[in-house]
Amino acid sequence: MPVYNLKINGTSHKVEAEQDTPLLWVLRDHLDMVGTKFGCGIGQCGACTIHVDGSAVRSCLLQVSGVEDMEITTIEGLSKDTLHPVQEAWKEIDVPQCGYCQAGQIMSAAAFLNQNKNPDKKEIRDAMSGNICRCASYNRIEKAVELAAGKLS
Ligand code: FES
Ligand code: FES
């Protein structure tokens, strides 16, 4: 089986896997980074969102062979001690209900705010619309993204 060199949260990992193994599987099952969640497995829910070279992507759709030597960031590496402004805002607004979708929501929000530091409500809604929350925490998510934008600007 081939071995891939992955750079995740600033650390190199050698992973032996079939070339078409989804990155989400590698994170969770090979490396025990279970903060990134499996939802649909087909790119529809956003639960598995991570950053690759700074952009929010769905790790269930990426093959491990396609991300060698790219900068991969998961929720575990977004900040030290959960002090990223998005995470701070999430805590202040008390966003999560069951919590299952929230790592993906936070990773999407963080990547979005890197691109747009002063978004309006519609831009926030559009940017977050691909992340599904079965507990319908959408209002709190929007408020938290607004709060995080204020912290970042
Ligand atoms: Fe990847 Fe749903 S698990 S988008
Ligand atoms: Fe339960 Fe989003 S908080 S799925």
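Hydrogens, waters and symmetry mates are skipped; everything else that's a heavy atom, side chains included, is used. First listed ligand is number 1; within each ligand, the first listed atom is number 1. Just so you know, these numbers come straight off a predicted model, no measurement behind them.
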With atoms numbered from 1 as shown, which atoms in ligand 2 lie under 4.0 angstrom from a non-hydrogen atom of Arg134? 4 (S)

At a non-hydrogen distance cut-off of under 4.0 Å, which region of Gln105 contacts ligand 2 (side chain, backbone, both, or neither)? neither

Side chains of Lys151 and Glu92: does their closest heavy-atom pair fall under 4.5 Å? yes

The atoms of ligand 2 lying under 4.0 Å from a heavy atom of Gly99, numbered in the order shown, are 1 (Fe), 3 (S)

Cys98 SG to Cys135 SG via atom 1 (Fe) of ligand 2, rounded to 10°, gives 100°

In terms of hydrophobic clusters joined by side-chain contacts under 4.5 Å, are Met33 and Leu78 together? no

Does some side-chain heavy atom of Trp90 sit less than 4.5 Å from a side-chain heavy atom of Ile141? yes

Pairwise side-chain contact, His13 with His30, heavy-atom cut-off 4.5 Å (strictly under): no

Looking at Gln102, which atoms of ligand 2 are within less than 4.0 Å of one of its heavy atoms? 2 (Fe), 3 (S)

Should the pair Lys91-Glu88 be classified as a salt bridge under the 4.0 Å nitrogen-to-oxygen rule? yes

Pick one: which of Leu62, Asp53, Val57, Leu23 meets side chain to side chain contact (heavy atoms under 4.5 Å, CB included) with Met70? Asp53

Using residues 125-138 as the side-chain source, report each donor-acceptor pair under 3.5 Å to any protein atom, sequence neighbours left out, with the distance given to one decimal.
unit_1: Arg125; atom_1: NE; unit_2: Glu142; atom_2: OE1; d: 3.4
unit_1: Arg125; atom_1: NE; unit_2: Glu142; atom_2: OE2; d: 3.0
unit_1: Arg125; atom_1: NH2; unit_2: Glu142; atom_2: OE1; d: 3.0
unit_1: Asp126; atom_1: OD2; unit_2: Lys122; atom_2: NZ; d: 2.7
unit_1: Ser129; atom_1: OG; unit_2: Asp126; atom_2: O; d: 2.8
unit_1: Asn131; atom_1: OD1; unit_2: Ser108; atom_2: OG; d: 2.8
unit_1: Asn131; atom_1: ND2; unit_2: Gly46; atom_2: O; d: 3.2
unit_1: Asn131; atom_1: ND2; unit_2: Gly104; atom_2: O; d: 3.2
unit_1: Asn131; atom_1: ND2; unit_2: Ser108; atom_2: OG; d: 3.4
unit_1: Ser137; atom_1: OG; unit_2: Gln102; atom_2: NE2; d: 3.3
unit_1: Tyr138; atom_1: OH; unit_2: Cys133; atom_2: N; d: 2.8
unit_1: Tyr138; atom_1: OH; unit_2: Cys133; atom_2: O; d: 3.3

For atom 1 (Fe) of ligand 1, protein N, O or S atoms at a distance below 2.8 Å amount to 2

Looking only at side-chain N and O atoms, does Thr74 offer a donor or acceptor that is under 3.5 Å from a partner on Asn9? yes

